[in-house]
Undergrad: 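What follows is a single structure, and I will ask about it in a moment.
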There are 2 protein chains.
Amino acid sequence: MSDTVFKAIADKSRRKILSLLKEHGSLTAGEISEYFTFSKASLSEHLKILRHADLVYSRRRGQFIHYRLNTTIFEDLLTWVLELKK
Amino acid sequence: MSDTVFKAIADKSRRKILSLLKEHGSLTAGEISEYFTFSKASLSEHLKILRHADLVYSRRRGQFIHYRLNTTIFEDLLTWVLELKK
DNA sequence: CAGATATTTAGTCATTAAACTAAACATCTA
DNA sequence: TAGATGTTTAGTTTAATGACTAAATATCTG
């Protein structure tokens, strides 16, 4: 399990982004930013961290960039937790 | 799910401590320190963070303090992961 | 193409986190 | 009780993180 993933989910705002994406399926950076008070530049930074951890995909559709969860990494995270719990 | 837990598992050394405890059942701070190169003071700091996150118990037996995993929190972590994955 | 909108990059600053050494505290044994 | 061993606390330093503003880049529309 990569350190990058644990660092990515260590931040409360990023976890909130994940749950927003879970709830809505897909959101643009602009839509996500409506749920937060910090700047769009800061949000972009958070999204970059989530992207690098492979926790989200992004795909540009015209002017907008759509984000969605990449659930494959959660599989690994699940394995890590179960390994310690069992 | 508390932020404290996510912060606690964000550190690679602390995750290694958790897996050592999983593997050995129970270890003293001194025994744990043999697996690391950093100072015992630093280890003590890491153990404090794990204790505050309720990821480990500690119990003094004479001169030694024994650490072991507290698996109840992993249950919550599991729920968090499943919630995003499902 | 020019202007508008969406998003990211660059550069800076304040806060937090992780490491260290030295000292303190707890318990055991002679 | 004194000295040895095990562990934590205090105080400091350095590195990493998260925030900001300003500027750059990408795409759409008139």
Side-chain angles (χ1 to χ4, degrees), chain A residues 1-21 24-70 73 77, chain B residues 1-21 24-70 73 77:
Chain A
M1 238 342 250
S2 113
D3 197 54
T4 316
V5 173
F6 287 103
K7 296 285 187 205
I9 63 172
D11 183 86
K12 194 179 287 213
S13 299
R14 288 194 291 267
R15 291 197 302 279
K16 183 170 169 184
I17 292 171
L18 294 177
S19 85
L20 287 169
L21 290 176
H24 294 90
S26 167
L27 291 169
T28 66
E31 288 167 333
I32 295 171
S33 81
E34 288 169 28
Y35 293 90
F36 296 97
T37 54
F38 50 60
S39 71
K40 301 204 170 184
S42 294
L43 173 62
S44 181
E45 196 56 43
H46 284 307
L47 290 172
K48 191 205 285 189
I49 290 168
L50 291 172
R51 250 187 288 117
H52 286 167
D54 270 335
L55 287 163
V56 305
Y57 300 106
S58 67
R59 193 162 63 175
R60 181 179 282 276
R61 215 160 20 191
Q63 217 168 347
F64 299 89
I65 296 181
H66 294 258
Y67 283 88
R68 57 171 55 250
L69 281 187
N70 177 3
I73 297 292
L77 202 47
Chain B
M1 235 347 246
S2 114
D3 197 53
T4 315
V5 173
F6 287 103
K7 297 285 187 204
I9 63 172
D11 183 88
K12 193 180 288 215
S13 300
R14 290 195 289 269
R15 292 197 302 279
K16 184 170 169 185
I17 293 170
L18 294 177
S19 84
L20 287 169
L21 290 176
H24 295 90
S26 167
L27 290 169
T28 66
E31 288 170 334
I32 295 171
S33 80
E34 289 169 27
Y35 294 89
F36 296 97
T37 55
F38 51 59
S39 72
K40 299 202 171 186
S42 294
L43 173 62
S44 181
E45 196 55 44
H46 284 307
L47 289 172
K48 192 205 283 187
I49 290 169
L50 291 172
R51 251 187 287 119
H52 287 166
D54 270 334
L55 287 163
V56 306
Y57 299 108
S58 66
R59 193 162 64 174
R60 182 180 280 276
R61 213 157 25 186
Q63 215 170 348
F64 299 87
I65 297 179
H66 295 258
Y67 284 88
R68 59 171 54 249
L69 280 188
N70 177 3
I73 297 292
L77 204 45

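Below, chain A is the first sequence line, B the second, and so on; all start at residue 1.
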Undergrad: For B:Phe36, report the nucleic acid contact type (base, sugar-phosphate, nothing); a contact means any heavy atom under 4.0 Å.
TA: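 Here B:Phe36 touches no strand at all.
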Undergrad: Less than 6.0 Å separating the ring centroids of A:Tyr57 and A:His66?
TA: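 When the ring centroids of A:Tyr57 and A:His66 are compared, they turn out to be at least 6.0 Å apart.
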Undergrad: Any side-chain N or O of A:Tyr67 under 4.0 Å from OP1/OP2 of C:dA6?
TA: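 Negative; the distance criterion is not met.
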Undergrad: At their closest point, which heavy atom of B:Ser33 faces which heavy atom of B:Lys40, and how far apart are they?
TA: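 Scanning both residues completely, I find the closest heavy atoms to be OG-CE, 3.5 Å.
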Undergrad: Of all the choices, D:dT9, C:dA6, D:dG18, which nucleotide is nearest to the side chain of A:Gln63 once you look at every atom?
TA: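 Closest of the options to the side chain of A:Gln63: C:dA6.
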Undergrad: Please tell me if A:Thr28 has a side-chain N or O lying less than 4.0 Å from either OP1 or OP2 of C:dA6.
TA: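 A:Thr28 to C:dA6 OP1/OP2: no side-chain N or O under 4.0 Å.
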Undergrad: Got a donor-acceptor contact below 3.5 angstrom from the B:Lys16 side chain to the B:Tyr35 backbone?
TA: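 Yes, because the side chain of B:Lys16 sits within donor-acceptor range (under 3.5 Å) of the backbone of B:Tyr35.
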Undergrad: Check whether A:Arg59 reaches the backbone of A:Arg68 with its side chain - one donor and one acceptor, N or O, closer than 3.5 Å.
TA: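 Not at all, since once roles are kept as given, no pair shorter than 3.5 Å links the two residues.
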Undergrad: Tell me which nucleotide among C:dC20, C:dT8, D:dT7 gets nearest to the side chain of B:Phe38.
TA: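 So the side chain of B:Phe38 is nearest to C:dC20.
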Undergrad: From CD1 of A:Ile9 over to P of D:dT17, roughly how many Å is that when rounded to an integer?
TA: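 Those two atoms, CD1 and P, are 15 Å apart.
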Undergrad: Nearest whole Å is fine: how far is D:dT17 C1' from A:Ile49 CD1?
TA: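 Between C1' of D:dT17 and CD1 of A:Ile49: 8 Å.
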Undergrad: What's the CG-P distance between A:Asp3 and D:dA16, to the nearest Å?
TA: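 It is 12 Å, rounded to the nearest whole Å.
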Undergrad: Starting at atom CD1 of A:Ile65, determine the distance to atom P of D:dT27, rounded to an integer number of angstrom.
TA: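 For the pair A:Ile65 CD1 and D:dT27 P, the rounded distance is 9 Å.
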Undergrad: Which nucleotide in the set D:dT9, C:dA26, C:dC20 lies at the smallest distance from any side-chain heavy atom of B:Lys48?
TA: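 Among the listed nucleotides, the one closest to the side chain of B:Lys48 is D:dT9.
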Undergrad: How close or far is atom C1' of D:dT9 from atom CG of B:Leu43, stated in whole angstroms?
TA: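 Interatomic distance, CG of B:Leu43 to C1' of D:dT9: 14 Å.
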Undergrad: What integer distance in Å separates B:Lys12:NZ from D:dA16:C1'?
TA: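 Going from NZ in B:Lys12 over to C1' in D:dA16 covers 15 Å.
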Undergrad: So if I take every side-chain heavy atom of A:Phe64 and compare against C:dA6, C:dA26, C:dA18, which nucleotide ends up nearest?
TA: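 Minimum distance to the A:Phe64 side chain belongs to C:dA6.
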Undergrad: Verify side chain to side chain contact (heavy atoms under 4.5 Å, CB included) between A:Leu47 and A:Tyr67, making sure each step is shown before the conclusion.
TA: CA-CA 9 Å; A:Leu47 290 172; A:Tyr67 283 88; 3.6 Å; yes
Undergrad: Between C:dT8, D:dT9, C:dT7, spot the one nearest the side chain of A:Leu47, thanks.
TA: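 Of all the options, the side chain of A:Leu47 is nearest to C:dT8.
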Undergrad: Without decimals, in angstroms, what is the distance between B:Lys7 NZ and C:dT16 P?
TA: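 One finds 10 Å between P of C:dT16 and NZ of B:Lys7, rounded.
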Undergrad: Could you state the atom-to-atom distance from CG of A:Leu50 to C1' of D:dG18 in whole Å?
TA: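 Computing the A:Leu50:CG to D:dG18:C1' distance gives 13 Å.
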Undergrad: Looking at C:dT7, D:dC20, C:dT9, which one has an atom nearest to any side-chain atom of A:Lys40?
TA: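 Nearest to the side chain of A:Lys40 among the choices is C:dT7.
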Undergrad: Nearest to the side chain of B:Asp11 - D:dT8, C:dT8, C:dA18?
TA: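 The answer is C:dA18, which lies nearest to the side chain.
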Undergrad: To the side chain of B:Ala41, which of C:dA17, C:dT21, C:dT8 is closest?
TA: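 That would be C:dT21.
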Undergrad: Of the listed nucleotides (C:dA6, C:dT8, C:dC20), which one gets closest to any side-chain atom of B:Ser39?
TA: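 Within the option list, the nearest is C:dC20.
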Undergrad: Touch check for B:Arg61, heavy atoms < 4.0 angstrom, all strands: base, sugar-phosphate only, or nothing?
TA: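 If one applies the 4.0 Å heavy-atom cut-off, B:Arg61 turns out to touch nothing in the nucleic acid.
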Undergrad: Would you say the side-chain atoms of A:Arg15 pair up with the backbone N or O of A:Ile9, donor to acceptor, closer than 3.5 Å?
TA: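 Here the side-chain-to-backbone pair exists.
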Undergrad: Ignoring backbone atoms, test whether A:Ser42 places a side-chain nitrogen or oxygen under 4.0 Å from the OP1 or OP2 oxygen of D:dA19.
TA: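 No, A:Ser42 has no side-chain N/O under 4.0 Å of OP1/OP2 on D:dA19.
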Undergrad: Between A:Ala10 and B:Arg51, which residue's closest nucleotide on DNA chain D lies nearer the 5′ terminus?
TA: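 Comparing both residues, the 5'-ward one is B:Arg51.
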Undergrad: Among D:dG18, C:dA18, C:dA19, find the nucleotide with the atom closest to the side chain of A:His46.
TA: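 Closest nucleotide to the A:His46 side chain: D:dG18.
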Undergrad: Judged by each residue's nearest nucleotide on DNA chain D, which is more toward the 5′ side, B:Glu45 or A:Arg14?
TA: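 The 5'-side residue here is B:Glu45.
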